[in-house]
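What follows is a short report on a single structure.
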Amino acid sequence: MKKIYSSMVAVMLATPISSIAYAEDLKNQDVVQEVEEVVEVEGNVEEWLEDAVEEQPEEEIVQEGYENLGPLIFKSSAISSKIAANKEGDYFIYYIMHGSPAALVIVDYETKEIVHTFTLEDSKSAWGLDVDENGKLWIGGSVSSVLYSYDPNTEVFEKHGAIFSNKSDTSIQDLIVSGNKVYAGSAYGGSLVAFDPETKEIEEFGQIRKRKEFVKAIVADEETDEIFVAIGSPMDLLVKKPKTKNFTSFLPPKYMSEKYAQDLVLTDDYVVARLYPSNMAVVFDRKTLKIEDEFELNSKTVSTVSPDGKSLYYTKAQQLIKYDFETKEHTELGLYLPTGTEAINLDFILKETNETEEVTTEKTNEEEGNSEKLNLVTPIVGEPIVEEKPVVEEEPIVEEPKEWVLTGMVDNLGQLFEYNPQTNEIQHLQFELPEQPVELYTLASSSDGTKIFANGYMSGGLGVYDVATGNKELYRNISQIESMFDINNKLYIGAYPLARLLVYDRSKPWELENPKEVIRMNQYGQERTTAVAPYKEGKEIVFGTLPDASVGGGALAFYNTETEEMEIFENYIYNQSIVSLVSRGTEVFGGTSIHANQQVNPRGARLFYFNRYNPEDKKYINLPFDSSMITSLIVDKDNKVWGMADGKLFVYTDENTDIKSVELLPLISGRFRNAQILEGDDGYIYGSVEGKLFRVTKDNLEVEWLKDKGVYGLEKDLNGNLYYYDGSNLWRYTIEQNRPKKEEQQ
């Protein structure tokens, strides 16, 4: 279906996908939350954090010809937090800072000062946080599912290593402590384990359900031997009852279209599930597992039961609301969070009171003016008790309830609110949290090869590296970028979320309306803009998208750079995503991925082309092998089309010439990006696939491996040197033929 869209100048949505919102950035805009596909996601300036980070990485051995240019993007981005006390009752705020690597920042709640910062080696984020009965913090990391802990009583930080045996389980999605066990759920293997801190033993429950990649939320009660889990996608809610081996589903049919429950809360009588993507919380009776209540909310979670045992709290439309379990009533407290924010986490803090907790078996009989203690003696069975006067039965001494406050994080800056129910007052706390280097995600080169552009994973940001001077610039207020291409001094950007198309005019200052937003393709059911390429020397820009909730496949879109009009073809390749594009004369070539709409198309990836004057008349090119995605396409100096399809490199000339190909790797990972190729100035085809760098001779497709790990993305500068990233660092590979050029410049 073809649609014409006249572009409108709009304020760019700049919130990192890992956050709920930045208050000032989201005025009069929709609040966007991250969908952790990991992700775990995944959701980020120019200073090193050597003073803040207490653990130093091992010294790296750099091969000749390779140069580490360092991080380009830094950001202070708190993705999760927890507030808890040590044995002495002193409270601490635990922040997880997104970065490459991530970091644990510990703030003294009383003094509001940072007391420690620890590097979470092998993790770029951490979503699962919980505290045991001794106040020890447990952290579930990403990338390799590493478990960490911090003991505030001894101030000891420990790395316990990976706790999942399945290599598919690369990220701990949730973590809770019950009794003497730490339970953790994973992505992408969808597994559950229980770790015993004393014995170091790991109990593996395995994958909870086949074809379910996420164990997104967990609650457990070791006393009753019950475990509740939320898995996805799509969602299922399951429980493991005492003395059983299997998990049983209790998800009502009405909620089967949800992706997952992003949080679970357990009380003595109820299980509360916070669903995603709908803004619904469902209250289940813990015994019958029937729905007791359901309500809308905006906070990422609900609180646990309040210290008085009566209520829980959540936020909606930035207002704090109390929910009464007994009456099922919702009380709007008339107290609001900062503009554009909602609660990300909610914790209770018990305030110190007079010492009324200790109960003795002796009580002073003050009513009779007798200062002697009245001994309450337990009678001996079988012997008579002689009483000189009647004894009035003692009423049980009721412990005075402690004062408490509710607190929680509301944005990536680590801003907190503190609500006191005794005074019905709210206050806001802000901290200067240390910035972390951000893992890079997407690279692009300027059309003249003088600049290298890099975007940060989850946290966003656009870093610019000057090839001649080595200077670095950082532009903030832009989210994760899936694809970008520079031509005619303009950078065309496919931004996530909402599949936004942006245009950055490099001749003008970076400001509120530059980059300019052209369109949000989410209105067509699209989630990511995964391919971008120029047509006719940049008079048009061609975009391809990955769908999220459409009825078909990705969209093909043309943006006219002169008239600023959009021409859109929906569902261009049925139930597949368009993940690579390149033009050759009047022809446009494209490659697809079988991943679309949270599904996998059983038909293999398609290589197609069409004449720009009639895009609806597309033709398919049959490759001599099957593949799941065609992730990179280029046209070389000889006008031949080269592409990467899974782990295979192929070259296409025309319909009358056989396709040649060579297998580089038998297996690949991912949904739409695992490889990048380009033509070198020395005549080779260079590429990165699954983190490995290679080059191939064009005539006989002879493969030479140059580096076996740590190479992601690939771009070229004006001197023919290659650029790639490894974690947060930008790297340069100086090709031998171009080494004299580099030395002359220095």
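Excluded from the calculations below are hydrogen atoms, water molecules and symmetry mates; all remaining heavy atoms, backbone and side chain alike, are included. For the single chain, residues carry numbers from 1 onward in sequence order.
- No more than 12 heavy atoms of other residues, nucleotides or ligands lie within 6.0 Å of NZ in Lys709, so this atom counts as exposed by the packing criterion.
- Judged as a ring-ring contact (aromatic ring centres under 6.0 Å, His included), and not counting sequence neighbours, the contacts of Phe250 are Phe284.
- Judged by distance alone, the side chains of Asp308 and Ser306 do bring a donor and an acceptor atom under 3.5 Å apart.
- When only modelled atom types and interatomic distance are considered, Ser80 and Tyr95 share no side-chain donor-acceptor pair under 3.5 Å.
- Around the NZ atom of Lys167, the shell of radius 6.0 Å holds no more than 12 heavy atoms that belong to other residues, nucleotides or ligands.
- Ring pair Phe247/Phe205 is perpendicular by interplanar angle, where above 60° counts as perpendicular and below 30° as parallel.
- By the 6.0 Å and 45° rule, Lys112 stacks over the aromatic ring of Tyr109.
- No side-chain N or O of Gln415 forms a donor-acceptor pair with one of Thr341 less than 3.5 Å apart.
- A side-chain donor-acceptor contact under 3.5 Å links Asp132 to the backbone of Lys136.
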Practice task
Show the numbers, then the answer: is there a side chain to side chain contact (heavy atoms under 4.5 Å, CB included) between Tyr457 and Leu440?
Solution key: CA-CA 6 Å; Tyr457 174 61; Leu440 302 183; over 6 Å; no
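- Asp169 and Ser145 share no side-chain donor-acceptor pair at under 3.5 Å.
- Cation-pi check for Arg286 over Phe228 is not met; the charged atom does not lie both under 6.0 angstrom from the ring centroid and within 45 degrees of its normal.
- Side chains of Ser186 and Gln173: no donor on one and acceptor on the other come within 3.5 Å.
- Taking the six-membered ring where tryptophan is involved, the planes of Tyr419 and Tyr313 are tilted, since the angle between them lies from 30° to 60°.
- Side-chain atoms of Ser299 and Arg274 include no donor-acceptor pair closer than 3.5 Å.
- Side chains of Tyr94 and Ser81 form no contact here, defined as non-hydrogen atoms less than 4.5 Å apart.
- The pair Asp347-Lys82 meets the salt-bridge criterion, with a side-chain N (NZ, NE, NH1 or NH2) lying under 4.0 Å from an Asp/Glu carboxylate O.
- In summary, the side chains of Tyr725 and Glu439 do not present any donor paired with an acceptor at a separation below 3.5 Å, with no hydrogens or angles considered.
- Judged purely by distance below 3.5 Å, without hydrogens or angles, the side chains of Glu155 and His116 pair a donor atom with an acceptor atom.
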Exercise for the section: Give the intermediate values and the outcome of side chain to side chain contact (heavy atoms under 4.5 Å, CB included) for residues Val282 and Val272. Expected result: CA-CA 6 Å; Val282 184; Val272 185; over 6 Å; no
